[in-house]
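Below is one structure, written out as structure tokens; comments come after it.
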Amino acid sequence: RGFAAALAILAVGTALSKSAAAALILNASARHRSGQVSGAVDALEACCRVLSPLGAAFAFESFGREAPLAAACSLCLAGAAVFAEATPQSNARIRSKTEPGF
């Protein structure tokens with residue numbers, strides 16, 4: 001019962017985070033390149049779905065069972081830091097694609 005609840009929470013969290021990340025990336029890109037950017041994001045996600053289990057297995061075997069989780073947490077924190085640094089501070093909200101000059 002607890003395992004099923006954990007899987008449901010993980011599935012919902014993953015769906016929300018992927019959708020939010022894709023929306024942030026698309027809103028930061030030029031309107032006429034949104035298809036290109038969306039395709040690049042999808043391709044990168046596909047590569048990560050193939051390479052991540054291999055990296056996690058290597059980390060598990062080499063450094064112990066906590067290593068894959070520690071690596072995933074580190075990568076999430078690094079991604080958040082890069083995103084925070086790349087986000088312009090003067091624009092507190094995400095611009096709509098319908099705004100002039102976007």
Side-chain angles (χ1 to χ4, degrees):
R1 185 171 244 188
F3 183 71
L7 284 179
I9 292 169
L10 181 65
V12 170
T14 300
L16 289 174
S17 66
K18 282 183 64 176
S19 299
L24 288 171
I25 292 168
L26 286 174
N27 280 332
S29 67
R31 186 176 185 190
H32 68 280
R33 300 191 82 179
S34 61
Q36 221 174 11
V37 171
S38 181
V41 168
D42 288 344
L44 186 59
E45 286 178 355
C47 289
C48 289
R49 283 191 296 272
V50 171
L51 298 176
S52 293
L54 297 173
F58 174 77
F60 182 88
E61 287 293 319
S62 300
F63 305 108
R65 67 182 199 174
E66 294 87 9
L69 182 59
C73 290
S74 299
L75 288 170
C76 286
L77 289 173
V82 168
F83 183 75
E85 184 67 28
T87 303
Q89 299 300 321
S90 61
N91 191 4
R93 65 181 181 84
I94 297 174
R95 294 181 295 182
S96 169
K97 288 189 177 186
T98 59
E99 288 182 18
F102 187 73

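Just so it is clear, the structure is predicted and the values come from calculations on it, not from any experiment. Only this structure's heavy atoms are used, side chains among them; waters, hydrogens and symmetry mates stay out.
- Once rounded to the nearest 0.5 Å, the distance linking OG of Ser34 with CG of Asn27 reads 10.0 Å.
- Residues satisfying the side chain to side chain contact (heavy atoms under 4.5 Å, CB included) criterion with Thr14, sequence neighbours excluded, are Leu10, Lys18.
- Other residues sharing the hydrophobic cluster of Phe60, ordered by chain and number and joined by side-chain separations under 4.5 Å: none, the residue standing alone.
- Here CZ of Arg49 is found 10.0 Å from CG of Leu44. Values are rounded to the nearest 0.5 Å.
- Pairs passing the salt bridge (Lys or Arg N to Asp or Glu O under 4.0 Å) check and including a residue from residues 67-76, sequence neighbours excluded, do not occur.
- Every pair tested for salt bridge (Lys or Arg N to Asp or Glu O under 4.0 Å) that includes a residue from residues 53-63 fails, sequence neighbours excluded, so the list is empty.
- Val12 belongs to a hydrophobic cluster with Leu16, counting contacts under 4.5 Å between side-chain heavy atoms of Ile, Leu, Val, Met, Phe, Trp and Tyr, direct or through other members.
- For the residue pair Val37 and Ser29, the shortest heavy atom distance occurs at CG2-CB, 3.7 Å.
- Applying the 4.5 Å side-chain rule to ILVMFWY residues, one finds Phe3 in the same cluster as Leu7.
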Identify every side-chain donor-acceptor pair in residues 63-77 under 3.5 Å, counting partners at least two apart or on other chains, and give the distances.
| residue | atom | partner | partner atom | Å |
| --- | --- | --- | --- | --- |
| Ser74 | OG | Ala70 | O | 2.8 |

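- Remark: Ser52 engages Cys48 in a side chain to side chain contact (heavy atoms under 4.5 Å, CB included) (not counting sequence neighbours).
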